[in-house]
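For reference, the structure discussed in these notes is given below.
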2 protein chains.
Amino acid sequence: MEEEPRWLDAREQRAWRGYLAMQAQLQATLHRRLQADAGLSLADFDVLVALTDRGGEPVRAGELAALLQWEKSRLSHHLARMERRGLVAREDCPDDARGAFVVLTAAGRRAQEAAAPAHVAAVRELVFDGLTSEQVDALIGVTDEVRARIAGR
Amino acid sequence: MEEEPRWLDAREQRAWRGYLAMQAQLQATLHRRLQADAGLSLADFDVLVALTDRGGEPVRAGELAALLQWEKSRLSHHLARMERRGLVAREDCPDDARGAFVVLTAAGRRAQEAAAPAHVAAVRELVFDGLTSEQVDALIGVTDEVRARIAGR
DNA sequence: CCGGAATAGTTGACGCGTCACCCAACGTTC
DNA sequence: GAACGTTGGGTGACGCGTCAACTATTCCGG
């Protein structure tokens with residue numbers, strides 16, 4: 001009754017291990033650089049970018065969570081830490097007393113503006129400057145396919 | 001004196017956001033599945049695989065850290081948790097009294113063998129079954145290039 | 001209007017990863 | 001063989017993410 005599993009062949013192995021290594025190193029490197037030259041984590045940065053994309057208007061917490069594809073609980077914890085550091089603030093929502101608005105503080109906006117150029121430069125340097133435009137297209141194809149499969153379950 | 005940063009163009013943006021989304025979702029999905037049907041985290045699994053690859057011989061902690069590309073401190077914390085659960089054991093090293101050997105316990109070996117087939121199946125299902133062999137080649141090309149750039153600094 | 005289901009968001013506990021720091025053993029040099 | 005720097009590894013504090021449980025509000029059927 002033993003189902004022999006279909007293992008990965010040599011190319012697939014190589015691609016998979018390469019992917020795992022790349023993703024770990026890339027994330028670690030970008031994180032360390034952002035932390036070093038702006039004092040922000042990647043997660044902080046994502047939150048700040050999502051808020052600035054909304055043009056400084058208050059954003060409902062739930063909406064922010066959906067934008068980031070984060071669980072509400074994660075967002076709540078993270079906002080608490082960012083609020084402690086003065087990067088964002090929470091306001092209560094008049095329409096729905098259960099709700100909460102999140103806004104960027106001046107310090108938060110400054111931090112985002114200070115961090116962005118170096119972060120983009122790092123992404124360029126480590127990723128896109130090394131890829132041909134065919135490789136970029138291929139990457140889009142792969143990520144779209146995998147995401148579709150994950151979503152499709 | 002303002003250096004205008006070179007932003008990402010539309011294709012690059014799309015590739016980058018797609019990559020970030022894919023990597024987050026893929027990791028989360030694989031992690032949840034492994035946790036659900038084997039009670040292991042991805043990190044646990046990596047440790048167990050590294051140890052079984054060494055054929056059951058004790059492995060020096062530092063060597064294991066190098067294999068996994070983990071910091072020693074991370075490995076130390078993780079081994080402590082795995083030891084508590086009976087998956088691995090530490091032995092002291094006769095050659096070098098500072099050193100520590102790590103070995104798989106019987107339970108650890110069983111857990112790895114039980115977890116592997118479903119995990120490989122998930123990787124296949126979510127990734128490789130959806131990709132053409134050209135896409136796999138392209139993925140290898142991209143990961144190799146990016147890793148080289150990270151290493152090269 | 002009342003009572004229960006759904007919704008918005010928070011909290012606590014716990015596993016995980018990093019950083020900074022520590023300690024013990026080693027080995028080299030004089 | 002004593003002193004010194006190095007190496008192997010562990011620790012504690014803290015930020016992060018998840019899960020489960022909780023609170024407060026709103027919505028809806030009767």
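Since the model is a prediction, treat every value here as computed from it, not as a measurement. Letters go in sequence order (proteins before strands), and every chain restarts at 1.
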Hey, is the main chain of A:M22 close enough, under 3.5 Å, to the side chain of B:T143 for a donor-acceptor pair?
no
A:M82 atom CE is separated from C:dT10 atom P, nearest whole Å, by 14 Å
What nucleic acid atoms does A:R84 come within less than 4.0 Å of, heavy atoms only: base, sugar-phosphate, or nothing?
nothing
In whole Å, what is the span from the CG atom of A:L79 to the P atom of C:dG9?
10 Å
Is a side-chain N or O of B:S76 found less than 3.5 angstrom from the main chain of B:K72, in a donor-acceptor match?
no
Indicate, with yes or no, if B:V103 and B:L75 share a hydrophobic cluster defined by side-chain heavy-atom contacts under 4.5 Å among Ile, Leu, Val, Met, Phe, Trp and Tyr.
no
Both B:D96 and A:Q35 contact DNA chain D. Taking the nearest nucleotide for each, which residue is further toward the 5' end?
B:D96
Polar side-chain atom of B:E113 near backbone of B:R110 as donor-acceptor pair, under 3.5 Å
no
Sub-3.5 Å donor-acceptor pair from the side chain of B:R149 to the main-chain atoms of A:E125, do we have one?
yes
Is there a path of hydrophobic side-chain contacts, each under 4.5 Å between heavy atoms of I/L/V/M/F/W/Y residues, joining A:L139 to A:V146?
no
Comparing B:H77 and A:G99 on DNA chain C - which has the more 5′ nearest nucleotide
A:G99
Given atom CZ of A:R98 and atom C1' of C:dA5, what is their separation to the nearest angstrom?
12 Å
With distance as the sole test, does A:D44 use its side chain to make a donor-acceptor pair with the main-chain N or O of A:S41 at under 3.5 Å?
yes
Is the shortest heavy-atom distance from the side chain of B:F101 to the side chain of B:E57 under 4.5 Å?
no
Rounded distance in Å - CZ (A:R32) to P (C:dC19):
7 Å
Going by number, which of residues 63-73 of chain A have a non-hydrogen atom under 4.0 Å from DNA chain D?
A:E71, A:S73
Is there a donor-acceptor pair closer than 3.5 Å between any side-chain N or O of B:R124 and the backbone N or O of A:W7?
yes
To the nearest angstrom, the CZ-P distance between B:R74 and C:dA20 comes to 18 Å
Whole-Å distance between C:dG12 C1' and A:R81 CZ?
13 Å
Nucleotides bounding contact with chain B, strand DNA chain D, heavy-atom threshold 4.0 Å:
D:dT7 to D:dC19
